[in-house]
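Each ligand, and each atom within it, is numbered from 1 in the order the structure gives. Numbers here simply count residues along the sequence, with the first being 1.
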Amino acid sequence: MKKIQKRKWEIATPITVEVEKDLADYPKIFRQILFNRGIKDSESAERFLNADYEIFDPYLMVDMGKAVNIIRSAVQKKEVIVIFGDYDVDGVTATTLLVQVLWSLGANALKFIPNRFKHGYGFSFDALEEVLELNPDLIITVDCGVRSVEEVAAAKDTGVKVIITDHHQPFIKIPQADAILCPRMLKSQYPNKDLAGVGIAYKLAQALDNYFPEKNIKSEFQLDLVALGTIADMAKLTPENRLLVKKGLHVIQSGNRPGIAALSNVCGLDIERTKAEDIGFRLGPRLNAAGRLKTAEDAYQLLIAEDRKHAAPYAIKLDQSNRDRQSITRNIQELTEDWVVEHKQEWVLFHASEEFNEGVVGLVASRLVEIHYCPAIIGGINDGVIRASCRSIPEINITKVLDECEDLLIQHGGHAMAAGLSLEIEKKNDFYKRISRLIEERLDGLHPVPVIKAECELSLFDLKPELLEMLDQLEPTGEGNPRSLFVSRGVQVRYPKTVGANNDHLKFSVKGLGINNKDLHGSITFDAIAFRMGLLIDQLTNGSIADIIYYFEKNVYKGREKLQLNIQDIKIKQS
Ligand SMILES: [Mn+2]
């Protein structure tokens, strides 16, 4: 059931006359782009473009003073401190950050990162049992722990001190830890609720840096890790997050961390030009691959490595793990596509198997949502229990739907767009029938169409190098500050061909023919690449007329730079 999802294009509301006047210093297209980001005067435009924002005082976090005191005393007494992390990029970067900072204080610091297959997620009893074998005096969690009420109590019962640093939403009941750093706690005064796990670890590092000026911690050198974790975790780019990422990208670009340099090298990135999207599409997936298939150890060893010689082997291993991860993901995706057709699944895609690796089922579900635009639930099966990842569309709050299936589930929880669940295999069919009916009802029996948003319509003649320079000033982009998409209508498709191992992608040129396609100003041509749109080759000929929605970007290949259009969707008007 291979298909390309049709999408509805939405073009932003045109800029108002007043704002147009206020932003008169900027070029016309850029004024619209700024307006689309809620910027209405030149002062806020200036601040936005320079990321001229505040990095807040770490002591605005409740318990920061307590946390610093506990750590100070543990360092003085040479106590064993265990940093308890998580296996994703946010968790691994946060772990690395605190271990390095504590080492520079002379602390006796160790790390423990749970294994998803052995311990499951977070600060769990299974993981705690192993951590206690390290004889810790103090456990500091990063990127987890704020929901582990019972587990923290158990740790405290053994006489261990516990500091929690976490960015997840706590339950009403909070753990009785010695200190909790979590901006999402009700009583928290910290202005930025969207710090990633590594962002909170950095806040603690900042406070320790202030407290021990003589130790020369240089916490800002750890911002490369903050950029990695924040982007990979898709934390919203609030002003503070955006500034942290921007500074972090500069640290990455300096090439100082051997591990990141080695990893950039294996994925063919020019480290001096690293952008947020390179983290999202290249560095992040490789760092995550280890934890998805086995343990996150390779990712941690890469980031903590002190020189290129030690880092290089881990970079190569991570690159290979990422390839393995890709083929495993593709395989599960194909099996699910066949299953979906065979079982006539329409409103929700649901499939689980003993063969499915739990580390990648979330990725498969995301990919399926992208292709079919309906919720997807994909799981592994172990001891008669399905453990699945759910991904949804904006029209369906998947966690609320799961709430209505509670009687059939062992466990479930999550957000509107993503959730996890477990259920006994015997309940599988009942669950599918129920959730399928609930989703069909909520959609009123109509299949929604996904929306893709453009900044404005442009003529291909508007695509100049100066525009690219302007777009660069929007960096870092990501959640809450998306990359700019543009629409051009009535362009001519030239020499379409498929590329890639399975003819997955489409490559062609687009030719613009002046105003209203009348050749008044001559013509202009750009290279275009359309990932995962290879199927369209049958509908295109040399000379087809189409509307396109695309990113305008610079493609660097073998040292040569070329402007190209990265096509996100295409409407063929005349083939
Ligand atoms: Mn996280």
Peer 1: With a 4.0 Å cut-off on N to O distance, would you call E404 and R442 a salt bridge?
Peer 2: yes
Peer 1: Ion pair present between E277 and R282, side-chain N to carboxylate O less than 4.0 angstrom?
Peer 2: no
Peer 1: Between E358 and R292, does at least one N-O distance fall below 4.0 Å, as a salt bridge requires?
Peer 2: no
Peer 1: Work out how many protein N, O or S atoms lie closer to the Mn ion (ligand 1) than 2.8 Å.
Peer 2: 4
Peer 1: With side chain to side chain contact (heavy atoms under 4.5 Å, CB included) as the test, pick out the partner of I163 among I71, I81, I139.
Peer 2: I71
Peer 1: Strictly below 4.0 Å, N to O, side chains only: are E370 and R532 in salt-bridge contact?
Peer 2: yes
Peer 1: Just how far is it from atom CE of M417 to atom OG1 of T399, taken to the nearest 0.5 Å?
Peer 2: 11.0 Å
